[in-house]
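Residue numbers begin at 1 in each chain, while the letters A, B, ... track the order of the sequences.
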Amino acid sequence: MPELPEVETIRRGLANVLPGRVFARVDVYYGGSVKQPAVAEFTQTIPGQRVSSVGRRGKYLQIFLENGLVLVVHLRMTGKLLFSPTPIELDKHTHLVFTFTDGACLTFNDVRKFGTVYLLPPHRMCEIKGLACLGPEPLSADFCLEYMKAKMTKRKTSIKALLLNQEFVAGLGNIYADEALHRAGIKPDRAVISLTSQEREILYHAVCEVLHEAINWRGTTMSDYRDASGSYGQFQNRLRVYQRHGKPCLYCGERIERIVVAGRGTHYCPACQT
DNA sequence: AGCAGGACCTGATGGC
DNA sequence: TGCCATCAGGTCCTGC
């Protein structure tokens, strides 16, 4: 499941190869992936467009075009964006193939078909509800202790649910929410209002730290995730709790537990996290 | 308003 | 062996 570190790794990969390239065509094999505009308009608009830069906001990738349009991609759980300098073979889950004038291609592949693609002018990006409502980038100055305090005082939900809420902070998903809470020593089902100011501060640093480390290790590959060149991430080897239930905590030896919080499988150490 | 839970979707897994 | 039920999770939608 691509979360911020995975999407950022893909962004960096694409930023090395896409700018300057010109789309020759796009072939749509599963129209459900294209949310806006209609598929016919999408396929007619793409040819001739030159890529200017590649950005990211939360888990949304943004491929900016020189004519002002933006190609926005959300990979959800199993989506992949793969670049190849030469034409590639389709598989049964390839939904879009963008071909460039030099023969390179960018494919959108998604087993679960949850991923979404938009082509819009920037002033209409606000029509993508999830993008418009995103909270601050966790690695920017907008996400700070003052912000945490202001947003955490009136909440009745659990701390895990808050970390997963993209309106609170953009880009955390199930893996890094669990990992940040373990680093902070906070049990995932704790009520937000029960956190002390010291715990808020420790959690703030834990979120930033785990995201930085995961970006440095090029993301986490549990099953589906690949970067833009098809390579695995490496952070799965450094996970402390996620999907480690039944195994000993790397810090205290206690057995990692799995519970359901906010409707999500949640992993934590009963001794380290209180 | 804020929150919880279901729907979406397919492949992997486990039980019988 | 084969079939069926269950589970995984990001976001949207519905309903309390």
In whole Å, what is the span from the [atom1] atom of [X] to the [atom2] atom of [N]?
X	N	atom1	atom2	value
A:D110	C:dG9	CG	P	16 Å
A:L164	B:dG5	CG	C1'	14 Å
A:K35	B:dC8	NZ	P	13 Å
A:D189	B:dA4	CG	P	12 Å
A:D224	B:dA12	CG	C1'	11 Å
A:N165	B:dA1	CG	C1'	13 Å
A:K160	B:dC3	NZ	P	17 Å
A:L131	C:dC12	CG	P	10 Å

Nearest-nucleotide pick for A:K129, side chain only, options being B:dC3, B:dG11, C:dC13: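 Closest nucleotide to the A:K129 side chain: C:dC13.
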A:Q243 side-chain proximity, nearest of C:dG9, C:dC13, C:dG10: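 Within the option list, the nearest is C:dG9.
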Counting just side-chain N and O atoms, does [X] come under 4.0 Å of either OP1 or OP2 of [N]?
X	N	answer
A:T157	B:dA4	yes
A:H93	B:dG11	yes
A:Q166	C:dG10	no
A:Y225	C:dG9	no
A:K156	B:dA1	no
A:R76	B:dC8	no
A:H74	C:dT11	yes
A:K113	B:dT10	yes

From OG1 (A:T94) to CG (A:N109), nearest 0.5 Å: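 CG of A:N109 is found 4.5 Å from OG1 of A:T94.
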Shortest non-hydrogen separation from A:E257 to A:P270 and the atoms involved: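 It is CG-CG, 3.2 Å.
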side-chain hydrogen bond (donor to acceptor under 3.5 Å, both in side chains) partner of A:N174, chosen from A:E179, A:K160, A:R264, A:H267: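 Answer to the side-chain hydrogen bond (donor to acceptor under 3.5 Å, both in side chains) test with A:N174 among A:E179, A:K160, A:R264, A:H267: A:K160.
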Side-chain (A:K59) to main-chain (A:L172) donor-acceptor, under 3.5 angstrom: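 Answer holds: yes.
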Heavy-atom donor-acceptor pair, A:R264 side-chain to C:dG10 base, under 3.5 Å: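 Answer is yes: a donor-acceptor pair is held.
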Any N/O donor-acceptor pair, A:R112 side-chain to C:dG9 base, under 3.5 Å: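 In this structure, the two groups form a donor-acceptor pair.
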Given A:R218, A:R12, A:K80, the one that forms salt bridge (Lys or Arg N to Asp or Glu O under 4.0 Å) with A:D227: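 Of the listed residues A:R218, A:R12, A:K80, the salt bridge (Lys or Arg N to Asp or Glu O under 4.0 Å) partner of A:D227 is A:R218.
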Per-pair stack call A:F114 and B:dC8, 5.5 Å, 30°: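 A:F114 vs B:dC8: stacking yes.
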Touch class at under 4.0 angstrom, heavy-atom based, for A:Y242 against every strand present: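 Sugar-phosphate, backbone atoms only, no base.
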Touch class at under 4.0 angstrom, heavy-atom based, for A:G263 against every strand present: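 Nothing, no heavy atom under 4.0 Å.
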A:Y204-A:F143 aromatic ring centre distance below 6.0 Å: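 Yes, ring centres under 6.0 Å apart.
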